[in-house]
Amino acid sequence: MKSLEAKPQHNNVRSRSELKAFQQKMLEMLYRPLSPDWKSRKKTDEGISVVKIAEGLIKPNDRLTSFERLEIYNRCYWFRVLDSLYDDFPGLLALLGNRKFLKLITAYLIRYPSESFTLRNLGSRLESFLCEEPEYASPLQEIALDMVRFEWAQIIAFDEIAREPISPKDIQKRDPEKLRIGLQPYLALLELNHAVDRYLIAVKNQEFDGLRKEASNTSNAAPEGKNHRRRLSLPKRERVWLAVHRYDNMLYYKRLEPAAFTLLKELGKGTPLEMACGKAIKRDGSAKQKGVLKADAFQEKLQGWFAEWSSLRWLTLPSPKK
Amino acid sequence: MPANEFNGFTDYGIGIGLRVPHYRHILAEKPLVDWFEIISENFMVEGGRPLEVLDQILEQYRVVQHGVAMYFGSADRLNREHLKRLKRLVKKTKTPWLSDHLCWGSVDGRYTHDLLPMPYTFAAAKVTADRIRQARDYLEVPICVENVSSYAEYHASEMTEWEFLSEVVEAADCGILMDVNNIYVSSENHGFDPYEYLNNIPHHRVGQIHIAGHSKFEKYTLDTHDHPVLDPVWKMYAHLLKKTGPTATLLEWDDSIPSFEEVHREALKANLFHKAKTPAASSGATR
């Protein structure tokens, strides 16, 4: 076995536990945020020299210091994760602008680093983070929160499991008092306070193909925000009931009437059909005119909804848990 | 060779990586391609378009799985959820072998999504080999580990990279996915002779070869997969084939991806070297 030059006595890796300690140290270094000009910072928050830490771990060569070699990995880490979130949240990026978006997602990744083998899940806790730290999106925190929920729902809708849809026949055969209907796991129902759906249509155009691209190459380029040619008007403040779903493996979102939204929400919770319809009818404006409940009008509407939802394959048998 | 226990005794030729910008072309035109390599993690999902595309590809083509997130060299226990999903995909694709990298990338359940070089020590080799064995036993498919390109060397290392690779694959009794471009990139960054690397690995364990392009910067060379294969890499490839015999070869092109035809044309250049007389080929290799 060829012997290499003498190594410092620290940072040895002679056991599993030393390997783990070594990897923990490296991870800590890679997770350190970059400076605004995309370089590694030379001191930790506690004022410890990263240059010294790098020298203890990594050999220099004739062109690069230990710190510069560590910096390559530090940059690659950040470029990869930031790129992924730029791709997944184009609406949030357009809303906040590049600088604010970058600040937000950097802070997010420091608190919630990836705990999944796939970058697909990287943004899964962004909504929670925004609730905890709304000032990162200030003064647009409410719109930003709507946008994050909407964009995360699209990630779910894109590749979450599809269950066998039920047919209208299945519904007709059963007692509505007891009948429970499930919803596709990929269908997300969102109650929003801003028209972020319309805003995103304006932002995205063809940019987003939605297909994740994990690969084994290395990128040396900092992520870039898309240059939106014109400043878009902010999403209008309005109550929006939205279904985010896929059909024939294409992603869609559809505005719903409040009563339809209520009905779907209740079905999703496992409420029996009749009771769910009862809650929906209370929500329905057209069913009440001059204080009189117009059951026929609502019945007609209900049939239309179920026909549509069946054709969209949203309705399934309930999951075994319910 | 080329058919050996590490590539499931198959006789695959030149393949290319299945990449999103080519989906439409491949599905519509059905070009003649010996096999496609898929990135496992892109298809370890529950439904939707990725699986629909994969089903269509599987109807027409042979597919081999290549992973980027197994992190055989991580000190943690193997991630069971990851393995379960991977096995589901293995059953679906019927991949004759499966590859992932000789690297680490996560610790304590936190991920870097990068292929980080190992400290080349005996202890690290043992941990890594144990994990490869466990994964293979669970997945029930031969495993080939791929050497990564690297930009740093650790003080902790006790041996060279090729010694470490040999130590791991012998201990795990697994195959090698020899990435020739990665050897070249690392040799440029660390100043070793890439041919010393190529000459000193257990050649009978090579189940697959990767070729790719790279980018040279002022102070280092980066494994960018965004160019055609460069001449020094082709020369190394030819040299390796002399040792291994014709071996399943895959061109990786992951960034600035040109048309399908261009990528395929570049990959098929490898045939020139396969057709050249090699010791293994002339002594009755099955190709």
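Every chain is numbered from 1, with letters handed out A, B, ... down the list of sequences.
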Parallel, tilted or perpendicular: which one describes the rings of Y73(A) and Y151(B), with boundaries at 30° and 60°? tilted

Assess the residue pair H190(B) and K59(A) against the criterion (side-chain contact (heavy atoms from CB on, under 4.5 Å)); give the C-alpha distance rounded to whole Å, side-chain angles, the decisive distance to 0.1 Å, and a yes or no. CA-CA 10 Å; H190(B) 308 318; K59(A) 294 178 189 175; over 6 Å; no

Given side chains that start at C-beta, do those of [X] and [Y] come closer than 4.5 Å, heavy atoms only?
X: R69(A); Y: E153(B); value: yes
X: D76(B); Y: K20(A); value: yes
X: L116(B); Y: L30(A); value: yes
X: E158(B); Y: V13(A); value: no
X: R49(B); Y: F158(A); value: yes

Proximity breakdown for [X] and chain B, heavy-atom pairs closer than 4.5 Å:
X: E68(A); value: side chain
X: S17(A); value: neither
X: R246(A); value: side chain
X: L64(A); value: side chain
X: Y31(A); value: side chain

More than 12 foreign heavy atoms under 6.0 Å from CZ of R41(A): is that the case here? yes

Stepwise, does the side-chain contact (heavy atoms from CB on, under 4.5 Å) test hold for T118(A) with M44(B)? CA-CA 9 Å; T118(A) 168; M44(B) 285 161 65; over 6 Å; no

Chain A contact via S215(B) - which portion, at a heavy-atom distance below 4.5 Å: neither

Under 4.5 Å to a heavy atom of chain A? For S74(B) that would be both

Count the heavy-atom pairs under 4.5 Å between each of Q23(A), E115(A), E18(A) and chain B, then report the option with the highest count. Q23(A)

Step by step, work out the side-chain contact (heavy atoms from CB on, under 4.5 Å) result for T121(B) and R14(A). CA-CA 7 Å; T121(B) 73; R14(A) 291 165 304 195; over 6 Å; no

Verify side-chain contact (heavy atoms from CB on, under 4.5 Å) between R80(A) and T112(B), making sure each step is shown before the conclusion. CA-CA 9 Å; R80(A) 199 178 290 265; T112(B) 64; over 6 Å; no

